[in-house]
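Right, one structure below, let's go through it.
Since this is a predicted model, take the numbers as computed values, not measurements. Sequential numbering from 1 along the given sequence is applied to the chain's residues. Hydrogens, waters and symmetry mates are skipped; everything else that's a heavy atom, side chains included, is used.
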Amino acid sequence: MDSSSLSPYILLFNALSQIPTWHYLVALLIISITFLYKFLEVHFFEDVFFKSQGTPITYNPSSPFCNAILSSCKILHSRFVATTWISSPHFQTAFLQFCGRSPVFSYRRHLFRTSDGGTIALDWLLNADVSGGAFGINGASLPMNNAISQDETTPIVVVVPGLASSSTSNYLKNLAFNLAKHGWNVVVSNHRGLGGVSITSDCFYNAGWTEDLRAVANYLHDKYPMAPLFAIGTSIGANILVKYLGEDGEGTPIAGAVAVCNPWDLLIGDRFICRRLLQRIYDKALTIGLQGYAKLHEPLYTRLANWEGIKTARCLRDYDNYATCHVDKFETVDTYYRRCSSAAYVGNVSVPLLCISALDDPVCTREAIPWDECRANPNIVLATPQHGGHLAFFEGLTASSSWWIRAVDEFLGVLRSSPYIHVQKKQTSGQHSALDSSIDQYPHLHVAEDGTVTAASSEGKRDGIEDIKNLQMLSEEKTTEILSNGEQEKHVTEAKSDFMSETCQTSEIAKNIQGVESPDITSPLRRFLNQISQQNNISTWLLAFIAIRTSWPLVGSITKFIFRKRSRKIMPAA
């Protein structure tokens with residue numbers, strides 16, 4: 001058959017059939033590798049051929065703290081190079097979860113009771129334990145007892161774990177061991193219901209629950225006042241830490257802090273984790289972890305939440321809808337995410353804070369990082385390595401070390417020996433949200449000389465007794481002033497009456513005095529008394545007594561003036 005009469009497709013098929021099969025296999029392999037290289041976000045060739053200058057750091061250039069600390073942090077400025085055979089954020093994160101290695105040691109456990117009856121497991125690893133080799137037997141916990149004296153000056157660092165993590169997690173054990181080896185006393189504050197401890201109240205932890213961290217920080221500061229207190233938060237623990245620092249501002253006993261892989265904005269994170277196939281895998285994995293946590297406390301969740309919904313939850317949003325919103329009384333899931341996001345509290349952080357967030361984090365997206373807020377705050381240093389995954393940052397040929405742990409150790413070591421550590425400022429009032437107004441925070445009054453009352457802020461609220469004393473002093477001054485004015489008016493009106501012969505002129509003068517003089521003098525005082533009564537809940541009877549005592553000389557002088565003129569009208573003229 002003439003080849004010119006064949007179809008072009010048949011000719012093409014005949015030509016392709018002449019190519020050896022192994023050529024097709026090689027081509028398929030190359031296409032698959034290229035696809036997976038992009039899909040899994042591998043950066044091996046980027047690390048080899050396109051070397052970056054170092055870790056991008058965002059900070060306020062006019063901040064003395066940032067300039068002084070960063071000049072001594074060499075690791076923080078260095079370029080993070082991932083382990084070659086796990087040079088992908090997904091490989092790094094998976095390696096942390098399934099293959100991460102950790103040192104063998106034992107914590108010292110202390111059960112801390114909260115004011116609502118809850119129980120928090122505080123797991124200690126002391127510098128003396130690491131240097132002395134007191135690791136326990138087969139991982140058994142050592143007794144805390146009085147292992148640390150109240151006069152101990154060794155700095156303490158409290159660690160807040162991530163979602164469904166506890167002190168036994170590999171990355172936390174590596175962090176604790178590394179810090180304890182370099183002169184720190186480390187305490188991991190496990191979330192309620194984790195670390196092998198039952199929930200002893202109807203209160204659970206969530207992504208924005210700061211009360212437990214506040215209680216633990218105050219307890220440690222009061223018990224060990226000579227030891228500087230620092231804090232490290234990881235993942236959800238970083239969100240809790242930053243939110244707490246923003247809520248308490250200058251009133252926190254924390255001297256310095258580090259937030260690693262913070263989700264920042266939970267609402268943006270919720271949208272991100274449902275966007276792509278790989279992110280949905282992480283979403284499902286985290287949901288399974290939370291369902292396992294709920295299974296440990298099934299009786300409480302059955303009573304307080306929707307247990308059937310928790311068991312069938314397919315994502316984090318479903319779990320929060322059936323569990324968190326019911327237990328913590330949030331109207332909707334979005335309401336929970338908005339209220340518990342730490343990004344809104346960044347501007348009020350008054351503690352030296354290092355934030356580390358990988359730009360390729362597969363769980364906490366870079367879209368949620370508050371770049372401008374961190375740059376505007378002189379107390380915050382934001383390090384954003386290009387790679388690292390979620391809490392991984394493995395480096396070296398054997399992936400035996402983590403870059404972020406070394407960077408944190410260096411930063412805290414430089415900070416604790418610097419003059420920039422934060423010192424708690426005592427507050428006589430309760431803690432307030434960063435979103436409260438200044439008038440709400442300091443509801444005391446400033447009284448001008450003319451009686452004008454304005455709200456003013458200061459370092460604390462006045463005591464109720466001092467307000468009453470100031471009020472009495474002011475009323476006495478007003479009384480004296482009005483008495484002197486009344487005597488002057490008395491003499492003036494008597495002098496005028498000797499020259500007036502018509503009653504209508506006298507009545508007109510009296511009306512002017514009643515209608516003009518009285519409001520001008522007493523109205524500022526009335527406004528002042530009303531403001532004082534509302535702000536300090538002073539007894540109404542006391543205010544009534546002061547009002548009568550203050551206004552009586554003026555009323556008496558006017559009444560006496562009117563009746564005197566009327567009596568002269570009846571009597572014959574001299």
Side-chain angles (χ1 to χ4, degrees), residues 112 114 116 118 120-123 157-167 169 171-172 175 186-195 199 203-221 229-249 251-254 256-270 286 289-290 293 316 320 323-324 327-328 330 336-351 353-357 361 363-364 368-370 374 380 390-391 408 431 433-435:
F112 175 73
T114 61
D116 66 308
I120 301 174
L122 300 180
D123 288 336
V157 56
V158 56
V159 181
V160 188
L163 187 67
S165 296
S166 65
S167 58
S169 300
Y171 73 95
L172 289 180
L175 173 65
V186 184
V187 52
V188 181
S189 177
N190 293 284
H191 299 298
R192 298 191 185 205
L194 290 172
I199 293 181
C203 183
F204 295 78
Y205 86 97
N206 60 49
W209 180 252
T210 59
E211 293 302 320
D212 288 350
L213 177 57
R214 180 176 294 108
V216 170
N218 292 334
Y219 161 76
L220 294 175
H221 180 67
L229 181 62
F230 297 80
I232 301 174
T234 59
S235 192
I236 285 297
N239 186 79
I240 295 173
L241 174 60
V242 174
K243 184 172 180 286
Y244 157 70
L245 295 177
E247 288 175 345
D248 284 27
T252 177
I254 302 295
V258 179
V260 185
C261 296
N262 188 354
W264 297 107
D265 192 312
L266 303 179
L267 195 59
I268 295 177
D270 173 64
L286 292 172
L290 287 176
Y293 168 78
L316 286 175
D320 289 330
T324 310
V327 173
D328 298 317
F330 291 104
Y336 162 55
Y337 291 157
R338 288 191 181 96
R339 291 182 182 177
C340 294
S341 297
S342 61
Y345 297 85
V346 171
N348 201 40
V349 172
S350 302
V351 172
L353 174 64
L354 169 64
C355 303
I356 299 177
S357 295
D361 192 321
V363 179
C364 303
I369 299 177
C374 292
I380 294 180
H390 187 70
L391 294 175
V408 168
Q431 304 297 339
S433 168
L435 304 179

Is there a side-chain contact between Leu286 and Val363 (heavy atoms, below 4.5 Å)? yes

Do Arg192 and Asp116 meet the salt-bridge criterion of a basic N to acidic O distance under 4.0 Å? yes

Between Ile356 and Val408, is there a side-chain heavy-atom distance shorter than 4.5 Å? yes

Partner set under side-chain contact (heavy atoms from CB on, under 4.5 Å) for Ala259, not counting sequence neighbours: Ala238, Val242, Leu353, Cys355

Using the test ring-ring contact (aromatic ring centres under 6.0 Å, His included), find all partners of Tyr244 that sit at least two apart in sequence or belong to another chain. none

Partners of Ser350 by side-chain contact (heavy atoms from CB on, under 4.5 Å), sequence neighbours excluded? Glu250

Partner residues of Phe112 under the ring-ring contact (aromatic ring centres under 6.0 Å, His included) criterion, sequence neighbours left out: Tyr219

Run the side-chain contact (heavy atoms from CB on, under 4.5 Å) check on Thr234 and Cys261 step by step: do they pass? CA-CA 6 Å; Thr234 59; Cys261 296; over 6 Å; no

Does a donor on one side chain and an acceptor on the other come within less than 3.5 Å for Ser189 and Asp212? no

Is any side-chain heavy atom of Ser341 closer than 4.5 Å to a side-chain heavy atom of Tyr336? no

If you round to the nearest 0.5 Å, how far is CG of Leu172 from OG of Ser167? 7.5 Å

So, for Trp264 and Ser357, which heavy atoms are closest and what is the spacing to 0.1 Å? NE1-OG, 3.5 Å

Apply side-chain contact (heavy atoms from CB on, under 4.5 Å) to residues Ser165 and Tyr171 and explain how you reach the verdict. CA-CA 10 Å; Ser165 296; Tyr171 73 95; 3.3 Å; yes

Distance check, rounded to the nearest 0.5 Å: Leu175 atom CG versus Leu391 atom CG? 10.0 Å

Between Asn206 and Thr324, a side-chain donor and acceptor under 3.5 Å: no

The reported gap from SG in Cys203 to CG in Asp328 (rounded to nearest 0.5 angstrom) is 6.5 Å

Between Val258 and Val260, does a side-chain contact (heavy atoms from CB on, under 4.5 Å) hold up when you go through it step by step? CA-CA 6 Å; Val258 179; Val260 185; 3.8 Å; yes

OG1 of Thr252 to CG of Leu213: how many Å apart, nearest 0.5 Å? 7.5 Å

Closest heavy-atom pair, Ala257 versus Leu245, reported as atoms and distance to 0.1 Å, is CB-CD1, 3.7 Å

With a 4.5 Å limit on heavy-atom distance, are the side chains of Cys340 and Trp209 in contact? no

Go through it in stages, so that I can follow the logic: the residues are Val158 and Phe230, the test is side-chain contact (heavy atoms from CB on, under 4.5 Å), and I'd like the CA-CA distance, side-chain angles, deciding distance and then a yes or no. CA-CA 6 Å; Val158 56; Phe230 297 80; over 6 Å; no

Heavy atoms of Ala207 and Asn239 approach each other most closely as O-ND2, 2.8 Å

Quick one: which of Leu229, Ile120, Val187, Val160 gives a side chain to side chain contact (heavy atoms under 4.5 Å, CB included) with Val216? Ile120

Search all heavy atoms of Pro253 against all heavy atoms of His221 and return the closest pair with its distance. CB-CG, 3.5 Å

Side chains of Asp265 and Tyr337, donor plus acceptor under 3.5 Å: no

Tyr205 meets the ring-ring contact (aromatic ring centres under 6.0 Å, His included) criterion, sequence neighbours left out, with His191, Tyr293

Holding to side-chain contact (heavy atoms from CB on, under 4.5 Å), I want the full list of residues that pass it with Cys364, two or more places apart in sequence or in another chain. Pro263, Asp361, His390

Can you tell me how far the CG atom of Leu241 sits from the OG1 atom of Thr210, to the nearest 0.5 Å? 10.5 Å

Within the side chain of Asn218, is there an N or O that forms a donor-acceptor pair under 3.5 Å with the backbone of Arg214? yes

Quick one: closest heavy-atom pair of Gly195 and Ser166, and the distance? N-CB, 4.0 Å

Quick check for you: to the nearest 0.5 Å, what is the distance between Asn262 atom CG and Lys243 atom NZ? 12.5 Å

